[in-house]
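These notes are about the structure you will find just below.
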Protein chains: 2
Amino acid sequence: MSRTTLKDIAEKAGVSVTAVSRALSGYPDIGEETRGRILRIAEELNYQPNIAARTLVTQKSGVMGLFVLGRAKGEGFSHPFSGQVINGFLDELAEDGYDMMVFKANRPPDSDNSSYMDLCRRRMVEGAFLMGLRTDDPWLSDLTASAIPIVTMDMPLAGDMTFSVGCDSVSAVHAAIRHLADLGHRKISIVNGYKEASVSLERFEGYKSALSDLGLPFDPAIVAEADFTAAGGKQAFLSMIDRAPDVTAVFASSDLMALGVLEGARERGLRVPEDLSVVGFDNIEMAAMSSPPLTTLDQPRYELGQTAARMLTAACNGETPPSRVLLKANLIARGSTAEPRKSKT
Amino acid sequence: MSRTTLKDIAEKAGVSVTAVSRALSGYPDIGEETRGRILRIAEELNYQPNIAARTLVTQKSGVMGLFVLGRAKGEGFSHPFSGQVINGFLDELAEDGYDMMVFKANRPPDSDNSSYMDLCRRRMVEGAFLMGLRTDDPWLSDLTASAIPIVTMDMPLAGDMTFSVGCDSVSAVHAAIRHLADLGHRKISIVNGYKEASVSLERFEGYKSALSDLGLPFDPAIVAEADFTAAGGKQAFLSMIDRAPDVTAVFASSDLMALGVLEGARERGLRVPEDLSVVGFDNIEMAAMSSPPLTTLDQPRYELGQTAARMLTAACNGETPPSRVLLKANLIARGSTAEPRKSKT
DNA sequence: TCAACTTACTTAAACGTTAAACCTAATAAG
DNA sequence: CTTATTAGGTTTAACGTTTAAGTAAGTTGA
């Protein structure tokens with residue numbers, strides 16, 4: 001019932017506690033025979049080190065924090081995107097012997113709950129992942145001054161302990177728009193996410209630069225903004241398409257919004273892809289199952305998580321990873337995009 | 001830079017470390033004036049207790065573990081279901097001052113990674129949530145003998161430290177089948193999940209008992225089994241409907257599978273709900289956005305998480321929560337169910 | 001052959017906290 | 001006026017590790 005400690009092993013082996021500690025840690029100054037005896041007894045008693053004690057003396061907890069932000073339902077953990085990223089974190093952290101603690105931070109910081117950093121200090125968290133951070137996050141200034149390494153997903157931050165990973169939205173969107181233009185579309189709308197997400201800015205950037213590169217005019221009237229959700233995407237699309245019925249293609253900044261666009265198109269009697277082509281972003285599981293299946297930009301979610309974890313452990317061990325890493329999002333052409341049927345003026 | 005400790009405060013306040021500890025913990029044997037001074041200094045130095053040290057002496061870590069099992073992609077964290085449940089865990093745990101550590105356990109136990117319990121013992125985890133457990137899980141026997149309280153989601157376990165929460169599948173499915181029968185359906189198929197999930201057994205039970213209560217015949221030929229995914233649900237549905245084209249309604253054990261059924265129906269030229277009614281289970285976000293929107297059984301995911309957390313903290317504090325709690329899943333009628341058009345023999 | 005190493009350990013201290021036991025002066029009880 | 005009691009602390013020990021600083025015996029080098 002009671003946990004076995006180094007002391008228990010030491011007594012049984014007839015050596016000092018230190019000898020046991022060093023034997024188990026693989027130091028060379030313990031004799032072969034003694035070490036063998038110690039290891040055997042440790043195994044026999046199913047010894048597990050008490051990490052709290054170790055943490056106290058080494059000042060390293062072996063814990064990384066995951067902060068999942070997001071004020072609204074459907075954000076944060078609930079996002080279909082998060083799962084594989086977290087799997088990437090966990091697998092890669094396990095390689096380096098780290099565990100992960102999850103913190104939810106959806107309450108405004110004025111409430112009496114502790115700030116990020118306070119939480120980290122209590123638990124001696126060595127580094128942290130941040131998901132769902134927004135440009136208007138009130139904690140932002142705390143973060144850039146962070147004493148521990150932080151890796152943000154999809155949102156670069158100034159500060160020499162902060163790093164970020166994400167996909168190269170600009171070039172990804174570029175590829176999507178080019179794909180649509182290659183098919184013959186001239187009037188391509190964007191249903192973007194809210195501006196407080198920095199990916200929204202980047203994707204808008206990619207959209208504009210692609211249009212300009214391709215010699216297509218930029219029309220603010222066919223730029224819509226939603227909240228990354230399906231319902232929001234549908235609404236934004238509907239009011240846009242009613243304003244500009246000559247749009248033949250829509251790029252949506254997330255698959256959820258793209259699925260909303262699909263739904264909206266159905267409601268307006270527009271056939272996809274015959275009357276309207278739709279491209280999403282993320283390649284969530286549902287994207288392949290919609291009707292028609294969604295052309296989208298695949299984000300390597302698991303690899304994003306792995307990469308983030310590698311950067312974080314590196315930073316925690318005194319190395320200096322690049323402050324920003326961008327992976328490539330690949331275009332996956334499915335049934336929701338095709339040549340436009342009707343040629344409009 | 002260096003963390004402030006009780007000692008720092010004690011020196012500055014001119015009292016002993018114990019006095020500071022007791023003042024901050026709210027013990028009554030510290031004078032009002034002294035306490036005020038201590039609190040002010042603690043605030044001033046932004047004191048945060050070192051939880052590792054506290055853990056060491058109190059033998060309580062204040063950490064609950066979350067084990068997310070699942071061997072396949074799309075299970076575990078990636079499941080659209082998990083997010084809100086986890087939010088429920090976290091919010092409720094925060095009420096009681098607990099934090100949560102996440103462990104991923106998708107590797108077979110024969111690999112050299114530690115067992116659940118070893119992980120818990122190292123970190124002095126006080127209790128654990130288990131999601132995604134299957135009846136053929138090789139760890140099952142360890143779990144029932146667990147020394148710490150465990151709450152499983154959707155899978156009751158024998159053992160006096162194990163508890164479970166879930167929805168009352170039997171009565172929920174009963175309601176779904178009754179809904180279909182009330183509409184006039186006589187030939188109702190089930191697309192169930194794999195048998196290793198105990199909810200699959202319960203849902204099958206509900207299906208059979210509902211049929212019998214409603215005086216409908218049970219036909220093994222229209223029972224299909226899939227893996228809870230959309231793609232799997234579609235396949236299972238297709239081979240079932242090809243065998244039994246006179247089926248007019250399908251109950252699927254998860255929304256993802258139901259969405260797969262919708263897709264399969266589209267592929268076979270069956271109109272939903274005119275030619276085929278479909279009911280899902282879960283009420284995931286996408287269910288309301290499909291075409292047509294899915295009639296489904298709403299699982300109160302956040303409340304499931306909250307309830308689980310309440311049970312776990314109770315059990316950790318020596319109380320004895322009921323060994324199994326079932327919440328109600330409510331039928332949400334949407335566009336995917338209607339009266340059958342054609343009357344078949 | 002004696003000092004200098006090396007090997008294989010042991011002792012002691014420290015990490016930051018809590019908890020039990022003890023102390024002292026002032027107050028209350030009889 | 002003596003004895004308990006209380007208020008407001010202090011001292012000491014303990015939790016289970018790691019690490020720095022010994023130490024005693026055996027081995028080597030010149």
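None of the values given here were measured: they were computed from a predicted structure. Lettering follows sequence order; numbering is per chain, from 1.
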Within the 4.0 Å heavy-atom criterion, would you say B/Thr5 contacts the bases, only the backbone, or no part of the nucleic acid? sugar-phosphate

Measure from CZ on A/Arg3 to C1' on D/dG16 and round the result to the nearest Å. 9 Å

Would you mind telling me which of D/dT19, D/dG16, D/dG9 lies closest to the side-chain atoms of A/Asn50? D/dG16

Which pairs would a plain distance check flag for residues 140-150 of chain B, meaning a side-chain donor or acceptor within less than 3.5 Å of a matching protein atom at least two apart in sequence or in another chain?
| unit_1 | atom_1 | unit_2 | atom_2 | d |
| --- | --- | --- | --- | --- |
| B/Thr144 | OG1 | B/Ser141 | O | 3.0 |
| B/Ser146 | OG | B/Ile148 | N | 3.0 |
| B/Ser146 | OG | B/Ile148 | O | 2.5 |

Show the nearest heavy-atom pair for residues B/Cys316 and B/Lys60, with the distance to one decimal. O-NZ, 3.9 Å

Should A/Ser16 be listed as having a side-chain N or O under 4.0 Å from OP1 or OP2 of C/dT10? yes

Of all heavy-atom pairs between B/Met153 and B/Phe89, which one has the smallest distance, and what is that distance? SD-CZ, 3.9 Å

If we ignore hydrogens and angles and just use 3.5 Å, is the side chain of A/Asn50 paired with the main-chain N or O of A/Ala52 as donor and acceptor? yes

Closer to the 5' end of DNA chain D via nearest nucleotide, is it B/Val17 or A/Tyr47? B/Val17

Touch check for A/Asp29, heavy atoms < 4.0 angstrom, all strands: base, sugar-phosphate only, or nothing? base

Is A/Tyr27 near enough to D/dA20 that one of its side-chain N or O atoms lies under 4.0 angstrom from OP1 or OP2? no

Is the shortest distance from a Lys or Arg side-chain nitrogen in B/Lys12 or B/Glu44 to a carboxylate oxygen in the other one below 4.0 Å? yes

According to a strict under-4.0 Å criterion, is A/Thr18 in side-chain N/O contact with OP1 or OP2 of C/dT10? no

Got a sec? Which of residues 52-59 of chain B come in under 4.0 Å of DNA chain C, heavy atoms? B/Ala53, B/Arg54, B/Val57, B/Thr58

Take A/Tyr47 and A/Asp8, measure what side chain to side chain donor-acceptor pair (under 3.5 Å) needs, and give me the verdict at the end. CA-CA 9 Å; A/Tyr47 170 75; A/Asp8 300 329; over 6 Å; no

